[in-house]
Amino acid sequence: MAFVDIRDLKKHSGKTVEIHGWLYNKRGSGKIQFLQVRDGSGFVQAVMGKQDVSEAEFNAAKAAGIETSVEITGEVREDARSPIGVELTCRKFKILGESKDYPIQITEDVPNIDWLLDRRHLWLRSKRPHATLRIRSEVIQAIRDFYYNKGYVLFDSPIFTPASCEGVSTLFEVPYFDEKAYLTQSGQLYGESGCMAFGKVVVFGPTFRAEKSKTRRHLTEFWMVEPEVAFLELDGIMDLAEEQIRYVVTRTLERCKEDLKALERDTSVLEQVTKPFPRVSYDEIQKLLAKLKEEYAKSSDPALVKLSGDILKQGFGDDLGAADETAVGMHFKQCVCIHRYPRHVKAFYMKKDPVNAERAMCVDVIAPEGVGEIIGGSQREENYDELMAQIKKHNVPMDSIDWFVDLRRYGTVPHGGFGMGVERCVQWISGVDHVREAIPFPRTIYRTKP
RNA sequence: AGGGGUGUAGCUUAAUUGGUAGAGCGUCCGACUGUUAAUCGGAAGGUUCUUGGUUCGAGUCCAAGCACCCCUGCCA
C-alpha cells in the first residue's frame with residue numbers, strides 16, 4: 001500500500017490508507033488516544049480506540065512523546081469536528097523513531113526569537129515557521145516563473161569576487177589560495193555584462209554584507225533577485241519592478257491562503273498591490289514629508305508625534321531615513337516608487353539625470369507597513385567618460401573593475417535593472433516581525449549556528 | 001559604530017522598603033471514550049548570567065565583565 005499525503009486524505013474518504021509523519025500533539029485517556037499527526041503536507045487527527053489496535057500498539061501510542069515519527073494505517077472518516085473535514089480511525093500503529101522531551105512546546109507564551117533560533121533545526125516543524133517558509137518557497141517560484149515567462153535568461157553571477165561592486169559597503173574577505181577574495185554583495189555588474197549578451201537577464205542568488213547591522217530588517221546573508229535589461233530606461237525599470245511585485249504578491253495571495261491564515265495575516269494592504277504604484281520624485285517626497293511632519297506633530301497619537309520628530313532628520317539632499325520610509329508607507333498604504341534621489345548618496349554606476357545633474361536616474365520601491373525599501377534600482381551610466389569620472393570620484397579600484405568598463409567601450413547601450421531582497425519581500429507578505437523568520441537558517445552579526 | 005533595554009525552573013514570568021525564591025505552561029505519575037493550545041489530581045524541577053563589593057542579611061543596592069534584544073546609521 002502506498003503512503004498517502006495528509007493533504008490528499010479527503011480524496012480517500014471511506015477507504016483504508018497508510019500515512020507516515022510525526023506526532024505534533026496528542027491527548028487521550030486509558031481507552032482512547034487522539035494523535036495529531038503532521039507529515040509536512042498537512043495535519044490530521046488519528047483516533048485510536050483501545051479496541052481498534054493491539055494492546056502493545058495502544059500502550060506504545062500512549063507512551064509516545066511529541067515529535068515521535070510514526071506509520072499509521074486507518075480508515076479515512078468524514079467528521080464535522082475536524083478542521084480538514086476528515087479523521088483517521090487508527091488500525092495499525094508503528095513507531096519509527098522515538099522522541100523524548102522535545103524542547104519546543106505549543107504554547108501561548110512564545111519564547112524569545114533567539115532561543116527559538118538556537119533550535120531552528122527543530123523550530124522549522126512548528127506552524128509559524130512552516131507557513132512562513134512555504135510562502136518563501138512560493139515567492140521564489142513566482143519570481144522564477146515571472147522572468148522565465150517573459151523570456152529572461154537566468155544568469156548566475158559568481159560568489160567569489162575580486163572587490164567591492166559598490167565601493168562603500170563592507171565585504172566579507174576570504175582567503176583564496178595565495179590571494180584574497182570577497183563574497184559578492186551584488187551580482188549586478190555581472191548582470192550588466194549578461195544583458196549585453198542576452199538582452200534580458202536575471203541574476204538570482206545569495207549575497208553577503210558584512211555591515212554590522214542589528215535591526216529586524218538586516219541579514220548578513222540574503223537572497224537577491226536582480227533583473228538587468230538592455231535598452232531599458234528609468235520608466236521601464238519602474239514598470240518592471242511594479243509588474244514583478246504585483247505578480248509575486250497576487251500569486252502568493254492566491255496560492256498561500258492557508259499559510260497566510262495560519263500567520264493571521266491581514267491581507268487588506270497586500271490586496272492594494274493591484275492598483276498602480278504612486279511614482280514620486282525625491283524632490284516631491286521631501287515636500288510631502290514636510291507636510292506629514294507638520295500633520296503628525298498635531299496628532300493625539302503619541303506614536304505619530306514621535307514619528308513626526310524623526311521625519312526629515314537627514315535634511316534635504318541626503319538619503320531618506322527609516323522614519324521617512326515609514327511615513328511614506330503610512331500615507332500611501334501601498335508600494336511607492338521614489339525616483340531621482342540625489343546623486344551623491346547613490347552608487348557610482350547610476351546614470352545622471354539629464355534634466356538635473358544633481359539627481360540620479362534611480363528608483364527605490366518602499367513597501368508599506370514599516371517594511372521599508374524592498375527594491376533598489378537604476379538606469380546605469382552607459383557613457384564611457386561619465387562612468388570613468390564616477391569611478392575615480394568614488395575611488396573604486398580600477399584593477400578590479402577594468403573588465404566592467406569594457407562594456408561601455410564595445411557597443412554600449414542604455415540599460416538598467418534593480419535588486420529585490422527576497423527575505424524583505426517574504427517578510428512583508430507574511431507579516432512576520434523580523435526578516436530572520438523569512439529564511440530557513442538566518443545569518444546575522446551574532447549568528448552562524450545552526 | 002552610537003543610543004536605549006533585558007538577564008529568576010525547559011518556556012513565559014512574580015517577588016512591596018534589602019528579610020523564607022512563588023505561579024502558569026511544558027515534563028513525569030495517576031484519572032477520564034470525543035479531545036482540538038483538552039480537563040482534573042499529584043510530583044520532580046532554582047549557582048536568580050558571571051565575578052567582586054556594601055550589609056546582620058542581596059533576585060533586589062554598587063562596580064566590572066559576559067550574553068542577547070530593540071532603535072539609529074549602512075542597505076535589500
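Protein chains get the first letters and strands the later ones, always in sequence-line order, with residue 1 at the start of each. Quick caveat, the model's predicted, so the values are computed rather than measured.
- Mapping A:R216 and A:D114 onto RNA chain B via the closest heavy atom, the residue that lands nearer the 5' end is A:D114.
- Residue order along RNA chain B, read from the 5' end via each residue's closest nucleotide, puts A:V110 first among A:V110 and A:K346.
- The separation between A:F172 atom CZ and B:C75 atom P is 16 Å, rounded to whole Å.
- Here A:N112 lies in heavy-atom contact (under 4.0 Å) with sugar-phosphate atoms only.
- With a cut-off of 3.5 Å on both pairing distances, the Watson-Crick or G-U wobble partner of B:A63 is B:U51.
- A:Y147 is linked by a ring pair (Phe, Tyr, Trp, His ring centres under 6.0 Å) to A:Y152, counting only residues two or more places apart in sequence or in another chain.
- For A:S213 and B:C75, a side-chain-to-base donor-acceptor distance below 3.5 Å is absent, hydrogens and geometry of angles not being considered.
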*asked:* At under 4.0 Å between heavy atoms, how does the protein contact nucleotides 28-35 of chain B? Give one character per nucleotide, 5' to 3', with B, S or -.
replied: ----BBBB
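- Residues forming a ring pair (Phe, Tyr, Trp, His ring centres under 6.0 Å) with A:F58 (at least two apart in sequence, or on another chain): none.
- Heavy-atom distances under 4.0 Å link RNA chain B to A:R424, A:H434, A:R436 of residues 424-441 of chain A, given in residue order.
- Residues passing the side-chain hydrogen bond (donor to acceptor under 3.5 Å, both in side chains) test with A:T252, sequence neighbours excluded: none.
- In this model, a donor atom of one side chain and an acceptor atom of the other lie less than 3.5 Å apart for A:E192 and A:Q188.
- Residue contacts for A:A323: at a heavy-atom cut-off of 4.0 Å it reaches no nucleic acid atom on any strand shown.
- No contact: A:Y102 has no heavy atom under 4.0 Å from any strand.
- Listed by chain and number, the residues in a side-chain hydrogen bond (donor to acceptor under 3.5 Å, both in side chains) with A:E242 are A:R246, A:R279 (sequence neighbours excluded).
- The residue A:L219 sits close to a base: some heavy atom pair falls under 4.0 Å.
- The partner of B:C32 is absent, by the rule that a Watson-Crick or G-U pair needs both atom distances under 3.5 Å.
- Remark: A:E98 engages no residue in a side-chain hydrogen bond (donor to acceptor under 3.5 Å, both in side chains) (not counting sequence neighbours).
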Under 3.5 Å, side-chain donor or acceptor atoms of residues 83-97 of chain A against the rest of the protein: list the pairs with distances, not counting sequence neighbours.
unit_1: A:E87; atom_1: OE1; unit_2: A:R77; atom_2: NH2; d: 3.2
unit_1: A:E87; atom_1: OE2; unit_2: A:Q45; atom_2: NE2; d: 3.0
unit_1: A:T89; atom_1: OG1; unit_2: A:R77; atom_2: NE; d: 2.9
unit_1: A:T89; atom_1: OG1; unit_2: A:R77; atom_2: NH2; d: 3.3
unit_1: A:R91; atom_1: NE; unit_2: A:E75; atom_2: OE2; d: 2.9
unit_1: A:R91; atom_1: NH1; unit_2: A:D52; atom_2: OD1; d: 3.3
unit_1: A:R91; atom_1: NH2; unit_2: A:E75; atom_2: OE2; d: 2.7

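- Residue A:N25 places no side-chain N or O under 4.0 Å from the OP1 or OP2 atom of B:U36.
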Can you check nucleotides 5-10 of chain B for protein contacts, nitrogen or oxygen pairs under 3.5 Å, and list what you find?
unit_1: B:G10; atom_1: N2; unit_2: A:Q105; atom_2: NE2; d: 2.4

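- For A:F404, the ring pair (Phe, Tyr, Trp, His ring centres under 6.0 Å) test picks out no residue, with sequence neighbours left out.
- Under the side-chain hydrogen bond (donor to acceptor under 3.5 Å, both in side chains) criterion, A:D318 pairs with no residue at all, not counting sequence neighbours.
- Looking at heavy-atom distances under 4.0 Å, A:T215 makes contact with a base.
- Atom name C1', nucleotides B:U72 and B:U16: the rounded distance is 38 Å, in whole Å.
- Legend: residues meeting ring pair (Phe, Tyr, Trp, His ring centres under 6.0 Å) with A:H20, ordered by chain and number and at least two apart, are A:F3.
- For the residue pair A:D118 and A:P450, the shortest heavy atom distance occurs at O-CD, 4.0 Å.
- Side-chain proximity of A:Q314 to B:G73, B:C25, B:C75: nearest is B:G73.
- A close approach under 4.0 Å does not occur between any side-chain nitrogen or oxygen of A:R217 and OP1 or OP2 of B:A76.
- A:R343 and A:Q390 share a donor-acceptor pair across their side chains, judged by distance under 3.5 Å alone.
- Comparing B:U51 with B:U27, their C1' atoms sit 33 Å apart, to the nearest whole Å.
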